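Source: prediction; values computed, not measured.
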Amino acid sequence: MATRILVTGGAGYVGRFLIPALEQDGYHVVGVSRSSPLAMDVSSASDCERVLGEVRPDVIVHTAALSAPATCEKDPEAAFRSNVASALVEKAKATNPATRFIFLSTDQVYDGKGHLVTEEEDGRPVNVYGKTKLEMESVVRDAFPSHAILRLSFVYGPTVEGAHSTFLQFALDKLRSGEPFDAFTDQIRSCIYIDDVVDALRMAVQGRLTGLVNLGGPEALSRLDFVRAVARHVGVEEERARGSTYCLPTPSPADISMNISRLEAMMGRPPISLAAALTSMEAKL
């Protein structure tokens with residue numbers, strides 16, 4: 001009998017790429033969201049009990065989240081209710097204590113005062129979103145001996161029907177508009193291509209990627225660095241993107257670039273660079 005996998009956030013960006021990849025690997029995969037045919041709100045104990053009882057998963061890949069930091073700041077109660085999914089964890093443990101639980105956390109658990117930080121760096125989030133994710137990490141770690149917690153940087157890739165676009169599409173749209181625009185120079189991230197995210201999650205499902213892992217790309221890039229790399233690839237003047245400093249009201253860590261040595265060791269290769277990723281999706285740009 002095929003391994004049964006439940007993917008929360010199945011209608012989200014990562015879920016839209018992950019589910020077909022897992023199905024191709026031969027798993028029985030059920031993706032759920034609040035609007036899916038088998039609907040589930042991860043903060044609802046009754047929803048979780050009903051869905052877990054029906055699916056009886058061997059592995060749970062938890063990607064669902066209220067992931068907009070500004071929204072989390074405006075309504076911290078809703079953010080903690082959505083992102084610290086205690087009901088999901090409790091019902092999953094009751095249904096199958098041997099469940100392998102894979103949690104997609106965030107690089108925003110770091111405070112932004114380091115550079116290429118390792119997993120040993122203490123989580124000191126500066127915003128509500130990061131705080132909710134750090135708390136959920138603890139819940140998962142305490143509940144499931146078999147787990148993977150992946151601290152994900154910002155993801156980019158091609159568009160996919162039904163899910164939000166990524167910063168790549170923002171950059172392309174702005175560059176092709178012909179108008180100058182600003183991009184932050186002081187927000188440093190280890191941005192990662194969606195194919196590498198999916199590969200890491202596939203390995204986590206197999207039990208080959210475990211524990212706490214920084215899930216980022218091989219380059220520490222500012223938003224301006226990212227935009228100008230895209231400009232070079234598509235043959236647009238880099239100067240259309242002007243450097244600026246972060247000035248939005250939502251607290252945001254400055255440099256949360258990550259050391260990904262552990263990820264590289266588990267995957268047996270480094271994630272691909274932005275330039276290589278842009279080349280690989282040339283037809284979709």
Side-chain angles (χ1 to χ4, degrees), residues 7 9-25 27 29 31 33 61 63 65 67-68 102 104 106-107 150-179 181 183-184 187-206 209 213-241 256-258 260 263-264 266-285:
V7 178
Y13 188 77
V14 171
R16 297 271 181 178
F17 288 91
L18 176 63
I19 290 172
L22 292 175
E23 289 174 337
Q24 289 176 6
D25 289 342
Y27 299 112
V29 186
S33 67
V61 184
T63 75
S67 58
I102 300 159
L104 214 51
T106 177
D107 55 357
L150 309 181
R151 290 179 170 170
L152 179 64
S153 186
F154 91 71
V155 183
Y156 65 91
T159 57
V160 60
E161 184 177 355
H164 65 79
S165 59
T166 72
F167 186 70
L168 172 60
Q169 283 71 48
F170 167 85
L172 287 167
D173 289 347
K174 288 290 189 180
L175 288 167
R176 288 168 174 163
S177 75
E179 298 296 323
F181 64 98
F184 299 134
Q187 298 280 290
I188 313 299
R189 306 289 186 261
S190 297
C191 56
I192 183 167
Y193 184 39
I194 184 61
D195 284 7
D196 284 325
V197 176
V198 169
D199 280 353
L201 289 169
R202 290 169 66 198
M203 292 184 66
V205 166
Q206 297 163 6
L209 192 152
V213 181
N214 286 337
L215 184 51
E219 302 152 301
L221 301 174
S222 70
R223 298 283 177 163
L224 182 64
D225 293 332
F226 184 99
V227 169
R228 289 188 168 175
V230 174
R232 289 192 295 272
H233 184 83
V234 298
V236 173
E237 293 179 1
E238 295 180 36
E239 290 70 24
R240 288 184 187 173
I256 46 177
S257 59
M258 298 185 294
I260 56 166
L263 174 68
E264 291 175 330
M266 290 183 178
M267 292 184 72
R269 64 170 180 85
I272 69 173
S273 67
L274 174 57
L278 291 170
T279 298
S280 74
M281 54 178 158
E282 181 70 46
K284 299 176 182 178
L285 294 180

Quiz item: Do you know which two heavy atoms are closest between A171 and V227, and how far apart they sit?
Solution: CB-CG2, 4.0 Å
Quiz item: Taking R151 for the side chain and L215 for the main chain, is one N or O donor matched with an acceptor at less than 3.5 Å?
Solution: no
Self-check item: R202 charged N/C atom sitting above Y27 aromatic ring, 6.0 Å / 45°
Solution: no
Quiz item: Where is the tightest heavy-atom contact between Y156 and S273, given as atom of each residue plus distance?
Solution: OH-O, 3.8 Å
Quiz item: Considering only heavy atoms from C-beta outward, does the side chain of H233 approach that of E282 to under 4.5 Å?
Solution: yes
Self-check item: Pair T166-Q169, side-chain hydrogen bond (donor to acceptor under 3.5 Å, both in side chains): steps then yes or no
Solution: CA-CA 6 Å; T166 72; Q169 283 71 48; 2.7 Å; yes
Practice problem: Kindly say whether G216 contributes a backbone atom to a donor-acceptor pair with the side chain of S153 at under 3.5 angstrom? | Solution: no
Quiz prompt | Inter-residue atom distance F154.CZ - I192.CD1, 0.5 Å rounding | solution = 11.0 Å
Quiz item: Got L168 and L278 here, is their nearest side-chain heavy-atom distance under 4.5 Å?
Solution: yes
Quiz item: Less than 4.5 Å apart, any side-chain heavy atom of Q187 and any of F226?
Solution: no
Quiz item: Quick one: does L209's side chain get under 4.5 Å of I102's, heavy atoms only?
Solution: no
Exercise. Dump the intermediate steps for side-chain contact (heavy atoms from CB on, under 4.5 Å) on L18 and V29, then the final yes or no.
Key: CA-CA 10 Å; L18 176 63; V29 186; over 6 Å; no
Quiz prompt | Exercise: identify the closest heavy-atom pair between P158 and F17 | solution = O-CZ, 3.8 Å
Quiz item: Is F181 close to L175 at the side-chain level, that is, under 4.5 Å between some pair of heavy atoms?
Solution: yes
Exercise. Show the numbers, then the answer: is there a side-chain contact (heavy atoms from CB on, under 4.5 Å) between L201 and V14?
Key: CA-CA 10 Å; L201 289 169; V14 171; 3.8 Å; yes
Self-check item: Approximate separation, where rounding is to 0.5 Å, of L285 CG and T159 OG1
Solution: 9.5 Å
Self-check item: Side-chain heavy-atom pair F167, C191 within 4.5 angstrom cut-off
Solution: no
Exercise. Test side-chain contact (heavy atoms from CB on, under 4.5 Å) on L263 and M258 and set out the steps.
Key: CA-CA 11 Å; L263 174 68; M258 298 185 294; over 6 Å; no
Quiz item: Does D199 reach the side chain of M267, with side-chain heavy atoms less than 4.5 Å apart?
Solution: yes
Exercise. Compare every heavy atom of S257 with every heavy atom of A220, then report the nearest pair and how far apart it is.
Key: CB-CB, 3.6 Å
Self-check item: Within 6.0 angstrom of E237 CD, more than 12 heavy atoms from elsewhere
Solution: no
Quiz item: Taking all atoms of both residues into account, what is the closest heavy-atom pair of D196 and R269, and its distance?
Solution: OD1-NH2, 2.8 Å
Quiz item: So how far is it from Y13 OH to S165 OG, rounded to the nearest 0.5 Å?
Solution: 9.0 Å
Exercise. Please report the shortest heavy-atom distance between A163 and G12, naming the atom on each side.
Key: CB-C, 3.9 Å
Quiz prompt | From L152 atom CG to S190 atom OG, the distance as rounded to the nearest 0.5 Å | solution = 10.5 Å
Quiz item: Can R16 and I194 be said to form a side-chain contact (heavy atoms from CB on, under 4.5 Å), step by step?
Solution: CA-CA 10 Å; R16 297 271 181 178; I194 184 61; over 6 Å; no
Self-check item: Close side-chain approach of D225 and E219, heavy atoms under 4.5 Å
Solution: no
